[in-house]
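Read the structure below first, then the notes.
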Amino acid sequence: MDQRVSLITLGVPDVEASARFYEALGWTRAESPDGVIAFDLISQTIGLYPLDKLAEDMNLPVEALGTGAMTLSCNVRTEGEVAPLMARAQEAGAEILREAGAVFWGGTIGYFRAPDGHIWEIAHNPYSPLAPNGAFRWNGY
């Protein structure tokens with residue numbers, strides 16, 4: 001298996017409501033078949049899929065899926081971008097879990113819960129600068 005993640009599928013209770021939230025953050029939908037909403041990212045795609053259908057696909061009860069046990073992180077180029085992006089998420093309906101601020105390892109982070117329950121981190125890591133196209137690489141390599 002190649003060392004990469006190609007598609008991140010978020011099971012959500014209301015795909016249109018979740019799509020509106022991500023569009024309010026500035027994302028643009030990609031063409032996709034009915035029942036799935038996709039947003040192309042740099043080398044990956046986020047897909048929004050009905051939570052009950054995702055559970056059915058996995059042969060699990062909906063209650064077994066849950067949300068919040070992991071974070072999705074969007075790294076930005078400067079520490080000054082973290083707080084405004086957190087504010088934009090809050091204006092779009094997110095719950096702020098941790099305000100933007102400095103962390104022990106030298107970066108700046110903030111956490112929010114999207115209306116669909118998924119936890120996002122907005123981060124600036126001075127030790128992992130983004131590539132010119134915005135791609136993230138651990139330690140900037």
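Just so you know, these numbers use all the heavy atoms, side chains as well, and skip hydrogens, waters and symmetry mates.
Contact check for Ile96 versus Tyr111: no side-chain heavy atoms found under the 4.5 Å cut-off. Side-chain contact between Val76 and Leu85 is present, with at least one heavy-atom pair separated by less than 4.5 Å. Put simply, the side chain of Gln90 does not reach to within 4.5 Å of the side chain of Phe112, judged on heavy atoms. Between Val103 and Arg98 the shortest side-chain heavy-atom distance falls below 4.5 Å. In this structure, the side chains of Trp120 and Leu25 stay at 4.5 Å or more apart for every pair of heavy atoms.
With a 6.0 Å radius and a threshold of 12 heavy atoms from other residues, nucleotides or ligands, Glu81 has its CD atom above the threshold. Remark: Trp105 CH2 is packed, more than 12 non-hydrogen atoms of other residues, nucleotides or ligands lying under 6.0 Å away.
Hydrophobic clustering, defined by side-chain heavy atoms of Ile, Leu, Val, Met, Phe, Trp and Tyr closer than 4.5 Å, groups Tyr49 together with Val36, Leu51, Leu54, Met58, Leu60, Val62, Leu65.
Taking every heavy atom of both residues into account, Ala55 and Pro61 meet most closely at CB-C, 4.1 Å. Arg77 and Asn133 get closest at one heavy-atom pair: NH2-C, 4.0 Å. Counting all heavy atoms, side chain and backbone alike, Ala30 lies closest to Asp40 at CB-OD2, 3.7 Å. What you find for Ala100 and Val82 is that their closest heavy atoms are CB-CG1, 3.6 Å. Closest approach of Ala123 to Ile109, counting heavy atoms only: CB-CG2, 3.8 Å. The two atoms that bring Pro115 and Ala92 nearest to each other are CG-O, 4.4 Å, heavy atoms only.
Between the side chain of Ser128 and the backbone N or O of Asn139, at least one donor-acceptor pair lies under 3.5 Å. In terms of modelled atom types and a separation under 3.5 Å, the side chain of His124 and the main chain of Pro129 share no donor-acceptor contact. With hydrogens and angles disregarded, a donor-acceptor distance shorter than 3.5 Å links the side chain of Asp116 to the backbone of His118. The backbone N or O of Ala24 sits less than 3.5 Å from a side-chain atom of Arg88, completing a donor-acceptor pair.
Note that the SG atom of Cys74 and the CZ atom of Phe136 stand 11.0 Å from one another [nearest 0.5 Å].
When hydrophobic clusters are built by joining Ile, Leu, Val, Met, Phe, Trp and Tyr residues whose side-chain heavy atoms come closer than 4.5 Å, directly or via intermediates, Leu130 is not grouped with Ile42. Cluster membership check: Leu72 shares its hydrophobic cluster with Phe21, using side-chain heavy-atom separations under 4.5 Å among Ile, Leu, Val, Met, Phe, Trp and Tyr. Side-chain heavy atoms closer than 4.5 Å link hydrophobic residues (I, L, V, M, F, W, Y) into clusters, and following such links, possibly through other members, connects Phe104 to Leu97. Taken together through direct or relayed side-chain contacts under 4.5 Å among Ile, Leu, Val, Met, Phe, Trp and Tyr, Ile119 and Phe39 form parts of separate hydrophobic clusters. Note on Val5 and Tyr22: same hydrophobic cluster, where clusters join Ile, Leu, Val, Met, Phe, Trp and Tyr whose side-chain heavy atoms are under 4.5 Å apart, directly or indirectly.
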Side chain to side chain donor-acceptor pair (under 3.5 Å) assessment of Arg20 paired with Ser18: CA-CA 5 Å; Arg20 285 191 299 275; Ser18 291; over 6 Å; no
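Salt bridge Arg29/Glu16: present, at least one basic N to carboxylate O contact under 4.0 Å.
For Leu41, the side-chain contact (heavy atoms from CB on, under 4.5 Å) partners two or more places apart in sequence, or in a different chain, are Trp27, Gln44, Ile46.
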